[in-house]
K.L.:
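Submitted below is the structure of interest, expressed as structure tokens.
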2 protein chains.
Amino acid sequence: MTTLAAMASTRQMTLRTVMRVLLEREAVSRAELARLTGVSKQTMSEVFRELEEGGWVRRSGRTQGAVGRSAATYEVCVDRALVFGADVGGTKVQAALADMHGIILTETVEPTDPRGGQYVVDQLARMSAELAHRASQPLERVLVGTIGIPGAYNARTGKLFMVPNITGLEGTPFVEDLRERVDFDVHVGNDVNMAAKGEQWMGEGRNVDDFVFIALGTGIGMGIINERRVLSGAHGAAGEIATLPIGADPYDGRTFRSGGLETALGSAAIRERYEGSGGRSGLTVREIIDRIGDGDTIAAATVDAIARILAQAVLAVSAVLDPERVVLGGSVGARRELLERMEVHLPLCMPSPPQCTVSKLGSRAGLYGTIANSLDLLRDSLFQTPGLDIPMPRAKPFEVHP
Amino acid sequence: MTTLAAMASTRQMTLRTVMRVLLEREAVSRAELARLTGVSKQTMSEVFRELEEGGWVRRSGRTQGAVGRSAATYEVCVDRALVFGADVGGTKVQAALADMHGIILTETVEPTDPRGGQYVVDQLARMSAELAHRASQPLERVLVGTIGIPGAYNARTGKLFMVPNITGLEGTPFVEDLRERVDFDVHVGNDVNMAAKGEQWMGEGRNVDDFVFIALGTGIGMGIINERRVLSGAHGAAGEIATLPIGADPYDGRTFRSGGLETALGSAAIRERYEGSGGRSGLTVREIIDRIGDGDTIAAATVDAIARILAQAVLAVSAVLDPERVVLGGSVGARRELLERMEVHLPLCMPSPPQCTVSKLGSRAGLYGTIANSLDLLRDSLFQTPGLDIPMPRAKPFEVHP
DNA sequence: CCTATTCGTCCAGTTACCGAACAAATGAGC
DNA sequence: GCTCATTTGTTCGGTAACTGGACGAATAGG
């Protein structure tokens with residue numbers, strides 16, 4: 001148990017407070033920051049000296065053009081700490097290095113190591129080192145990294161699960177394994193959750209406290225942002241809407257494994273529906289949707305049927321979560337034709353549909369989400385002024401007497 | 001913006017820390033508390049003097065039977081601050097007053113004022129004063145109150161909405177109105193959310209971080225506890241699962257208003273299904289379920305059909321939220337016959353069903369929830385040692401260059 | 001050139017903590 | 001009954017980290 005002195009001393013509190021204010025500004029003087037924070041000018045001078053000695057801030061110039069003595073201005077050294085983010089897919093890995101402002105310094109894409117398992121862990125460690133080197137930055141400055149994985153992570157057991165697309169990761173202590181290979185703090189998140197976080201930072205979820213990101217591609221999944229934070233669920237499986245009992249009978253043995261909604265909306269289902277209605281054989285979903293523009297009425301009817309089911313899924317999600325916005329993504333979900341048809345069906349099945357938009361980030365949403373997650377963790381660990389670590393006691397249930 | 005000195009001074013931080021530790025213990029000496037917190041014995045003596053002068057702690061005795069000088073022991077004055085809770089229903093109001101340990105000092109039930117609106121506000125204010133008087137406590141000690149309302153509360157607009165069961169409350173600034181009538185801090189919550197909170201404190205949700213409470217009675221609603229906190233949604237309407245597109249076609253005009261699931265599972269639906277299958281006319285849902293014990297096979301088949309639909313609703317909720325547990329309540333939901341049948345259907349439509357239990361708190365869950373909510377708010381406001389109130393800056397989206 | 005204004009340093013002061021020393025008060029062991 | 005070990009609680013001198021006022025230096029405006 002930490003004491004006030006040993007935990008974050010009052011001087012630490014002041015240092016972190018000053019850093020937080022500085023992170024939002026680009027050139028500030030000590031006198032101005034004293035006014036902003038209420039800390040005395042004397043103390044602020046000391047604080048800036050310590051921060052400067054630590055490499056966190058630097059002089060950036062002087063004010064001019066105002067009455068009175070000109071002031072020295074300071075800014076954050078945004079490369080004093082760096083973050084790593086990687087979006088691991090079944091076929092490729094996107095990774096990037098960013099500074100404290102979230103500016104991406106270097107990034108790369110390469111095929112996921114097909115051998116899977118520990119080889120993917122090794123690959124990530126090597127990529128982070130390469131990105132630091134290409135940015136001409138010491139690897140020691142990378143303090144936090146987040147990895148997006150197409151599966152679920154149970155924070156309690158520390159194990160990955162539901163990871164069918166990458167060989168040799170199911171049931172592994174992935175975070176622990178990677179932490180042994182790198183010096184920075186490693187976190188993992190579901191790739192659709194990371195995409196939701198990417199939309200929150202750079203996309204359609206910006207400035208929205210409660211929204212969902214639905215990724216429709218080969219299958220379907222959802223990331224949930226509730227009160228600005230990712231909602232993971234008891235076992236890390238929140239948002240696995242493939243199993244929603246919509247569009248197919250959940251008691252049917254044929255849909256039991258992949259789930260009602262995925263059975264109805266997955267790529268296989270779209271192609272079957274198209275071909276079963278007389279459409280051409282052998283087209284991909286993208287090709288089917290492209291044919292709407294060519295006047296293929298069967299393609300239009302297929303997308304309309306898909307949109308009608310998707311509208312019910314949005315209704316179900318809204319009933320449970322009450323999101324302000326639904327962002328659609330994924331190779332199929334991002335098609336505007338689908339959104340347009342869905343917006344026709346939504347008001348027919350729910351009185352007040354949420355706002356629906358299409359992701360503009362494409363396949364970069366997940367990568368952005370891992371960077372954003374790392375930035376949040378970095379800032380919390382470096383600049384938060386937390387309360388003391390003694391938790392608020394829960395109200396104990398009392399004995400109920402008849 | 002607060003300074004370190006003006007916000008919570010370091011002495012305030014220490015006082016609150018000591019109170020938090022004391023709240024979990026019943027008789028502690030200053031020396032022991034110094035050891036527990038790391039604060040020096042000198043400082044701890046000063047802190048206890050201040051807390052004693054403020055009426056927050058008192059001497060409770062002396063230790064004995066151990067080597068060394070015996071120690072004075074202290075305990076929290078649990079009635080130094082009180083909380084109020086009220087569960088407002090369409091027909092009755094349950095209200096209670098509790099101390100800092102959550103022990104209920106006085107409680108009462110009376111019919112909801114049928115005139116509704118401001119009369120209900122007046123009624124709540126009067127009930128809180130009466131309960132304090134019956135507890136022989138000055139009303140000034142009541143610092144926080146929470147009101148459970150059968151409707152939704154939009155925290156942004158400060159207005160109630162979706163409150164069909166109580167006249168004259170729709171669209172009112174209920175919290176503001178009540179705050180003008182009482183001196184304590186007023187909060188409002190949806191009644192099913194409050195019931196979920198009551199289960200968290202005293203019922204089946206104890207020690208469970210993620211669970212849902214489904215209330216099935218005349219209609220159906222759900223309260224969500226995610227990471228130990230109530231999930232409200234963007235407009236305060238999370239958990240309104242009456243509208244889930246399950247059990248009825250959401251595009252059917254007949255179900256559009258009350259929603260698919262409520263159309264399928266509401267009391268009216270249960271009676272219609274029973275009577276339409278040849279059952280006796282004019283029975284209530286409770287009477288129908290009671291007849292299962294009498295061998296009424298139509299009643300059993302009706303409940304089985306209801307359970308089968310409810311299982312799909314649990315599947316849908318689990319797909320979105322991934323709860324650890326589902327607690328069933330409400331006049332119909334709490335019937336064990338329903339849970340028994342639902343547990344037969346669940347494994348047939350989902351591979352890993354969540355744990356399902358029936359509430360044992362009955363109609364008191366909501367009242368307990370309002371008390372628990374008030375206790376949380378009280379403790380946070382009195383004893384939290386928060387970080388400084390400067391928020392962590394969000395990562396600004398950066399300009400994306402092609 | 002004078003005046004108002006601002007920045008940044010200096011300085012005396014206060015708050016709130018700390019650890020060591022010590023007296024008082026216990027029970028165990030002989 | 002005495003001695004010793006142990007514990008509590010008070011006293012005291014100390015330090016960390018803040019404050020506000022004073023003041024000199026440095027600006028722009030009139």
Side-chain angles (χ1 to χ4, degrees), chain A residues 1-19 21 25 27-54 57 59-74 385 388 390, chain B residues 1-19 21 25 27-54 57-75 385 388 390:
Chain A
M1 183 178 291
T2 44
T3 67
L4 278 170
M7 191 266 296
S9 64
T10 54
R11 175 50 60 98
Q12 274 295 317
M13 303 278 263
T14 309
L15 291 169
R16 294 177 186 197
T17 301
V18 166
M19 282 299 297
V21 176
R25 290 164 173 79
V28 177
S29 69
R30 288 165 290 186
E32 186 184 354
L33 210 43
R35 281 193 297 278
L36 284 167
T37 62
V39 173
S40 72
K41 289 186 290 179
Q42 166 56 28
T43 299
M44 193 57 69
S45 284
E46 292 171 2
V47 162
F48 267 82
R49 187 172 64 251
E50 283 193 46
L51 291 174
E52 201 169 4
E53 284 168 2
V57 305
R59 289 280 193 105
S60 61
R62 291 195 79 86
T63 61
Q64 48 185 336
V67 172
R69 182 174 163 175
S70 70
T73 56
Y74 290 81
T385 46
L388 290 176
I390 301 167
Chain B
M1 182 179 291
T2 44
T3 68
L4 277 169
M7 191 267 296
S9 65
T10 53
R11 174 49 60 95
Q12 273 295 316
M13 303 277 263
T14 309
L15 290 170
R16 294 177 185 196
T17 301
V18 167
M19 281 299 297
V21 177
R25 289 165 172 80
V28 176
S29 69
R30 288 164 290 186
E32 185 183 353
L33 210 42
R35 281 192 298 277
L36 284 167
T37 61
V39 173
S40 73
K41 289 188 292 177
Q42 163 57 28
T43 299
M44 193 57 69
S45 282
E46 290 172 3
V47 162
F48 267 83
R49 187 174 63 253
E50 282 193 47
L51 290 174
E52 201 169 5
E53 282 168 3
V57 307
R58 65 179 159 237
R59 290 280 194 104
S60 63
R62 292 196 77 87
T63 61
Q64 47 185 336
V67 173
R69 183 173 162 175
S70 70
T73 56
Y74 290 81
E75 65 183 7
T385 46
L388 292 176
I390 301 167

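These numbers come from a predicted model, not from an experiment. A note on names: the letters A, B, ... follow the listed sequences, proteins ahead of strands, and every chain is numbered from 1.
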K.L.:
Take the protein atom CG of L15(A) and the nucleotide atom P of dA16(D), then report the distance between them rounded to whole Å.
P.N.:
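That distance rounds to 15 Å.
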K.L.:
Between R62(A) and V47(A), which has a closest nucleotide on DNA chain D that is more 5'?
P.N.:
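So the residue in question is V47(A).
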K.L.:
If only side-chain N and O atoms of S45(B) are considered, is one of them under 4.0 Å from the OP1 or OP2 phosphate oxygen of dG9(D)?
P.N.:
no
K.L.:
Mind calculating the distance between CD (Q12(A)) and C1' (dA16(D)) to the nearest angstrom?
P.N.:
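Those two atoms, CD and C1', are 13 Å apart.
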K.L.:
For the pair made of CD in Q42(B) and C1' in dC12(D), what is the distance, rounded to whole Å?
P.N.:
9 Å
K.L.:
Nearest of dT8(D), dT19(D), dC18(C) to any side-chain atom of S40(A)?
P.N.:
dT19(D)
K.L.:
Could you list by number each residue of residues 64-74 of chain A showing a heavy-atom separation from DNA chain D of less than 4.0 Å, or answer none if no residue does?
P.N.:
A66(A), V67(A), G68(A), R69(A), S70(A)
K.L.:
Nearest of dC12(D), dA16(C), dC18(D) to any side-chain atom of T14(A)?
P.N.:
dC18(D)
K.L.:
Between K41(A) (NZ) and dG21(D) (C1'), how many Å, whole number?
P.N.:
10 Å
K.L.:
Using the salt bridge (Lys or Arg N to Asp or Glu O under 4.0 Å) definition, which of the options R30(A), K41(A), R11(A) pairs with E46(A)?
P.N.:
R11(A)
K.L.:
Can you measure R35(B) atom CZ to dT8(D) atom C1' for me and round it to whole angstrom units?
P.N.:
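In whole Å, dT8(D) C1' and R35(B) CZ are 9 Å from each other.
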K.L.:
Does a donor on one side chain and an acceptor on the other come within less than 3.5 Å for R59(A) and Y74(A)?
P.N.:
yes
K.L.:
Determine, for E75(B) against R58(B), whether the closest basic-nitrogen to carboxylate-oxygen distance falls under 4.0 angstrom.
P.N.:
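The answer is yes: the pair qualifies as a salt bridge.
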K.L.:
Hydrogens and angles aside, do T10(A) and T10(B) bring a side-chain donor and acceptor to less than 3.5 Å of each other?
P.N.:
no
K.L.:
Report the distance from atom CZ of R49(B) to atom C1' of dT10(D), rounded to the nearest whole Å.
P.N.:
11 Å
K.L.:
Which part of the nucleic acid, if any, lies within contact of E46(B), taking any heavy atom under 4.0 Å across all strands shown: a base, the sugar-phosphate backbone alone, or nothing?
P.N.:
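If one applies the 4.0 Å heavy-atom cut-off, E46(B) turns out to touch nothing in the nucleic acid.
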K.L.:
If you compare every side-chain N and O of R30(A) against the phosphate oxygens of dG8(C) (OP1, OP2), does one of them come in below 4.0 Å?
P.N.:
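Yes, because at least one side-chain N or O of R30(A) sits under 4.0 Å from OP1 or OP2 of dG8(C).
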K.L.:
May I have the step-by-step check of side-chain contact (heavy atoms from CB on, under 4.5 Å) for M44(B) and T14(B), ending in yes or no?
P.N.:
CA-CA 9 Å; M44(B) 193 57 69; T14(B) 309; 5.8 Å; no
